[in-house]
Amino acid sequence: YNISMIDLKSEKGKALTKIEAFREIRAYLEDQFDLSQRKCMDEENFKKPCWSEFQAYQRGLQRACTKLLNVIPDQGDK
């Protein structure tokens, strides 16, 4: 999780350009996607009695992040 993410409703966040705001949102979604992937591969989670539900939830989260990332306009960072 990107601790340095700016609160987009704060004064500092409101001062961002659209491009900067999209970059902040993209960085957050990418962090959440990566975190979810790590949780899926964490061996401790394989011991959960509700492992399949946990995996399904994480996969749903990953799909939601991917869909949102696909609608954010490319900011030409890469």
Do side-chain atoms of Asn45 reach the backbone of Lys39 as a donor and acceptor pair under 3.5 angstrom? yes
Among pairs that include at least one residue of residues 44-57, which meet salt bridge (Lys or Arg N to Asp or Glu O under 4.0 Å), considering only residues two or more places apart or in two chains? Glu44-Lys47
Donor-acceptor contact below 3.5 Å, side chain Asp42 vs main chain Arg38: no
For Ser10, check side chain to side chain contact (heavy atoms under 4.5 Å, CB included) against everything at least two apart and list the hits. Ile6, Asp7, Lys12
With a 3.5 Å cut-off and sequence neighbours excluded, list the donor-acceptor pairs that the side chains of residues 56-64 form with protein atoms.
unit_1	atom_1	unit_2	atom_2	d
Gln58	OE1	Ser36	OG	2.6
Arg59	NH1	Gln62	OE1	2.4
Gln62	NE2	Ser36	OG	3.0

Using 0.5 Å steps for rounding, measure from the CG atom of Leu8 to the CD atom of Glu24. 6.5 Å
Rounded to the nearest 0.5 Å, how far does CG of Leu68 lie from CG of Leu29? 5.5 Å
Interatomic spacing from SG in Cys65 to CD in Gln37 - rounded to 0.5 Å: 10.0 Å
Check whether Leu35 and Phe46 end up in the same hydrophobic cluster, where Ile, Leu, Val, Met, Phe, Trp and Tyr are linked by side-chain heavy atoms less than 4.5 Å apart. no
Fellow cluster residues of Phe33, listed by chain then number, with links counted only when side-chain atoms sit under 4.5 Å apart: none
Between CG on residue Asp34 and CD on residue Gln32, distance to nearest 0.5 Å: 9.5 Å
Of all residues at least two apart in sequence or in a different chain, which pass the ring pair (Phe, Tyr, Trp, His ring centres under 6.0 Å) check with Phe54? none
Tell me the closest heavy-atom pair linking Arg26 and Ile72, and the distance in Å. NH2-O, 3.2 Å
